[in-house]
Q: 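Attaching a single structure in structure tokens format; questions to follow.
On a predicted model such as this, the values are computed, not experimentally measured, just so you know. Note on naming: letters A, B, ... go to the chains in the order of the sequence lines (proteins, then strands), and numbering restarts at 1 for each one.
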Amino acid sequence: MFRFVMRRLMWALPMTLIITFVVYVALRVGTDPLASYLRVNQRASEKKIQQYIETNGLYEGFGGYVRGYLQWLQGFVTFDWPRSIKGSREVWPEFRDAMFNTLRLGLTATFLGILIGLSFGIFVALKPGGLRDATVSTSSFVAISTPPYVSALLLQLLFAVYWSKWFGQSLLPTSGVYPPGHRGFDLVLMIKHMILPVTVVVIQVVAVYARYMRASLLEVLNSEYMRTARSKGISERRVLVRHALRNALIPIVTVAAIDIGAILGGLIITERIFSYPGLGDFFLGAYDNGDFPQMMPWMFFFTLVVIAFNLLADVLYAVLDPRIRLG
Amino acid sequence: MTNEVVLSLRDFRVTFPTLFGDVQAVRGIDLDVRAGEIVGVVGESGSGKSVTFLGLMGLLPKGARISGSATVNGTELVGAPRQVLREVRGRKVAMIFQDPLSALNPTHRIGHQIVEMIRAHQSMSKAAAMERAIELLNDVGIPQPRERARQYPHEFSGGMRQRVMIAMAIANDPDVLIADEPTTALDVTVQAQILEILQKIQSERQAAIVLITHDLGVVARVADRVQGMYAGRVVERGPVAALYDHPSHPYTQGLLRSLPSVGRDRLVPIPGSPPNMIEPPSGCAFRVRCPHAIDRCSLEVPTLRVVGDLESACLRADELRSVGP
Amino acid sequence: MSPRRMAVRRFVKHRAALISLIILGIMVLFILLAPFTARYGVNEAVFKTSPEKPNSFLSPRGIAWLGTDDIGRDLYSRLIYGLRVSILIGLASAFFGTILGVAIGAVAGLRGGWIDDLLMRVTDLFLAFPFLVTLLVLRSVMSNVPWLKPIVGNPTSIRFVVILFVLFGWMGVARLMRGQVLALKEREFVEAARALGASNTRIVLRHLLPNSAGPILVALTFAVSGNIIAEATLGFFGYGPQPGAGATSLGKLVGGAKGALLPGYWWLVVFPCVILILVSLCVNFVGDGLRDATDPKLDGNR
């Protein structure tokens, strides 16, 4: 196990470098940082432009990309990040704040969503084929077919706009972490602002995990070792918990670790609609401005997260399922 | 044999409701199994042999309907509350399944699975139960049982896994051991070893063993008595030797003809396939495949009656007896 | 499982797929006959009842069944024209994406080796990133490489969006096809064909493709709804296609709902959203029904 993890970790470094290099080239080509710089600084002198190219490593050609990437990487790891193009601000403080906001939103939603989703899945798998099953299965199908911004729009319409029309004041805020102009920490306000975005993400996560859990548990329940377990004369509760649930959860844990990308993807959209200052909003803002210095750290960070969670999925699977051997 | 009857079935029936109608899987079975004997239950797949025993243990999917009577040491199982069934399962009646790889939980250690069986019925500390499990593994011929107990099912070979199943089944000294096709998934050489272990259990522990199989060869090797089943009914039963020498029911005759043996040039399979059990044929269910069927066969449901040393459910048993296999 | 439950389940399942198919059929009929079914042109303002009364932001009423938008256009008619563009994009990109995916998956499965490794790594990478991020990066690369311009066209054209979705959408099918090829490769009929000297192309076209038609058809169906949603997502965030002057798509219509939210023009929010959910739900249900129908391994329980 230890050797496996070490080997995978050793692989992770070149993987990260290759992926981020590809991303670097894609962003250089796609967002053209120099053009973005010229758009913002229209009267920049020839000398200043040349200086900007030098400091940011915006050389052309494949060799130029490699050189530029290495220069960027050096700055990145020594925490000497280039400033944003728009407003020439420091990237890290904004990135850090966005990260904490996203973590707060994402962890809450993921935790709640998986918990509720798994419960639904178990609830349905224990009595498949009935009205209960049809209701939950159909609802989760509807939820999966509904993009997050659509549910967000409908929730906003109901709880913010029409609620205030009918009852005089809006029930839940629809944007930000705090009301405009608010200073300091206020837990109640913060939670109030999180309710709608969390709900939007939770709906998706619940639907996905209810389906996963239902399928996984049904497969286990139909397996022969369940019959053996019952033939032993142990309690039905023990049969379900020790034999069925435990085994049904193994593939789910793995999926959950790999799914982190999809969940974060849902977060990006949700953050945008609720003007929630998280990483998704950060990325889309940077994309709109063609702000290369803001997008690259985002991509690097995300690549690391994806690789780390993939590794975690492999390790968890091996720990939980004795049939998997790590070679 | 004069031992007491430990397992007794009377007019035992199992029906599965489906979309297309009720499947009458078992249609009135009588059976007595005595302590210390091995009874072979033989038939093609779909004859209702496995369903009978899963049914009396209450292990069939929800929706299956069971009627008649099934008693173990006098305890009625049909319609018994869950608590009664739980005490019977694993304690009085234990089961061994066909495919030991899928029948053992892949994520639990072997030792733990046996310990769970022991502790379900005996108040024993985990450590003591583990010692007992290791002893059992040793009894069924698993080398280095202490190390093996810490391993998982996938680390065992097919034969070794079936030994584990047997060790688990005898953990609580059950009165009846139901072995459902225990050797079908195994190599021929391993088959012999497993059958030997079953015989050893029979003689040493005086357990009654029900051997469910489609293989008459297996039955011939170890069973004392045979019960042949077709379409959810008993067609013929009696001592093994008598059934092999003078089978009187065309179905048993067919089964014997389809068996490889020395001095036989070719195997003759039974033509046709088992009937649809939603609407089984009237009268004798075998008549549609039977070479000796007469008009009366479709009118009358033949009951078991004594023909020589056997009991046979064929209207023409007396005349066919002389034909031989 | 009891027979009644089995019946309920099959009924519900098949009924959902069947109803979805009927709804989709009606929708397709409506968009094909758009000049007749739509009451106004896509860019046409609703007739003013009197010169003083404005025709913008009318709530649903007789002259505009689903209300009007900010410049007085009929939402019902615009939904029909928007749906037409969205379904066209969904179908076209799913179709070409599936073809590309089948080709790549077949090559990966048949060739094996480093080609296989490379393709699967690329697939992993694409699938790991949030799809909106991948789409946006891909989109900006496509629109900023000069020599691609004549092929992909303007970033706001339908062609561009279709090519974008095709480039993004082949991965799932490629994986599926690769798995099918690997499984089928060992089967006797393929071995036999190879022994008879059949070429790889021939084996794929004559043997592997027909044998994996079911799963591919299912994947194609899900790709249609996936691409309709993807178009709507791009449109919602303002990166979608701008098909012609005044023409519209579901994405644009749903995106337009943002501005209608606070003033409380509910119809501009609710109707586009409902149509989008309905289309993707129906297509998904049909895909689910197809999966049940084409997969013999699935019993009533799954």
Side-chain angles (χ1 to χ4, degrees), chain A residues 1 122-134 213 216-255 313-327, chain B residues 19 50 53-54 56-63 82-110 112-122 150-155 161 164-165 168-169 171-172 174 177-178 180 185:
Chain A
M1 175 64 81
I122 295 168
F123 177 69
V124 169
L126 291 181
K127 216 173 170 187
L131 190 64
R132 183 207 265 187
D133 190 5
M213 190 62 196
S216 179
L217 187 54
L218 272 181
E219 189 168 327
V220 170
L221 286 176
N222 287 332
S223 66
E224 280 189 42
Y225 59 79
M226 287 302 291
R227 196 170 62 189
T228 310
R230 290 210 170 88
S231 83
K232 285 174 161 183
I234 51 180
S235 68
E236 186 66 15
R237 194 190 152 80
R238 196 183 159 92
V239 170
L240 289 179
V241 175
R242 282 301 187 83
H243 291 266
L245 276 188
R246 203 189 119 143
N247 287 8
L249 279 173
I250 291 174
I252 306 262
V253 171
T254 317
V255 171
D314 284 348
V315 172
L316 276 178
Y317 203 26
V319 169
L320 294 172
D321 192 334
R323 283 167 296 182
I324 305 298
R325 280 230 189 94
L326 298 177
Chain B
L19 270 183
S50 293
F53 295 93
L54 287 174
L56 74 89
M57 293 281 278
L59 293 174
L60 288 175
K62 282 174 199 149
R82 197 187 268 193
Q83 191 57 36
V84 174
L85 278 179
R86 252 187 67 191
E87 277 158 25
V88 169
R89 289 179 195 160
R91 169 96 203 146
K92 291 184 174 173
V93 185
M95 292 194 80
I96 301 166
F97 296 104
Q98 175 176 346
D99 179 4
L101 179 58
S102 42
L104 289 166
N105 190 326
T107 66
H108 291 195
R109 291 174 202 277
I110 292 297
H112 171 82
Q113 300 197 39
I114 301 177
V115 165
E116 186 180 38
M117 179 79 153
I118 297 172
R119 279 165 53 86
H121 300 285
Q122 301 174 41
R150 276 196 292 273
Q151 294 183 330
Y152 292 94
H154 71 274
E155 297 172 84
R161 276 185 217 122
V164 171
M165 279 300 289
M168 194 159 86
N172 295 312
L177 198 61
I178 295 170
D180 189 353

Q: Measure the spacing between NZ of Lys232(A) and CG of Asn172(B) and express it to the nearest 0.5 Å.
A: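 Here the interatomic distance stands at 10.5 Å.
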
Q: Could you check which of Glu87(B), Met57(B), His108(B), Gln83(B) has the highest count of heavy-atom pairs closer than 4.5 Å to chain A?
A: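 Option with the greatest count: His108(B).
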
Q: Using a heavy-atom distance cut-off of less than 4.5 Å, which residues of residues 240-249 of chain A contact chain B?
A: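 So the qualifying residues are Arg242(A), His243(A), Arg246(A), Asn247(A).
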
Q: Quick check on the interface: out of Met95(B), Gln113(B), Arg91(B), Gln151(B), who has the most heavy-atom pairs with chain A under 4.5 Å?
A: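 Option with the top pair count is Gln113(B).
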
Q: Does OH belonging to Tyr152(B) count more than 12 external heavy atoms closer than 6.0 Å?
A: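 Buried by this count: over 12 neighbours within 6.0 Å.
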
Q: Between Arg109(B), Glu116(B), Met117(B), which shows the greatest number of heavy-atom pairs under 4.5 Å with chain A?
A: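 That would be Glu116(B).
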
Q: With side chains defined as the heavy atoms from C-beta onward, is the minimum distance between Pro153(B) and Tyr225(A) less than 4.5 Å?
A: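 The answer is no; the side chains never approach within 4.5 Å.
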
Q: Please find the pair of heavy atoms, one from Ala120(B) and one from Gly233(A), that lie closest to each other, and give the distance.
A: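 Smallest heavy-atom distance, with atoms named: CB-O, 4.2 Å.
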
Q: Do Gln98(B) and Glu224(A) touch side chain to side chain, with heavy atoms closer than 4.5 Å?
A: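 When only atoms from C-beta onward are counted, Glu224(A) and Gln98(B) do not touch, as no gap falls below 4.5 Å.
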
Q: Relative to chain A, which segment of Leu54(B) carries a heavy atom at a distance below 4.5 Å: side chain, backbone, both, or neither?
A: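 Interface part for Leu54(B): side chain.
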
Q: Salt bridge check, Glu236(A) against Arg82(B): does any charged N sit closer than 4.0 Å to a carboxylate O?
A: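 So Arg82(B) does not pair with Glu236(A) through a salt bridge.
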
Q: Specify the closest pair of heavy atoms between Thr228(A) and Ala103(B), including all atoms of both residues, with the distance to one decimal.
A: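 It is OG1-O, 2.6 Å.
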
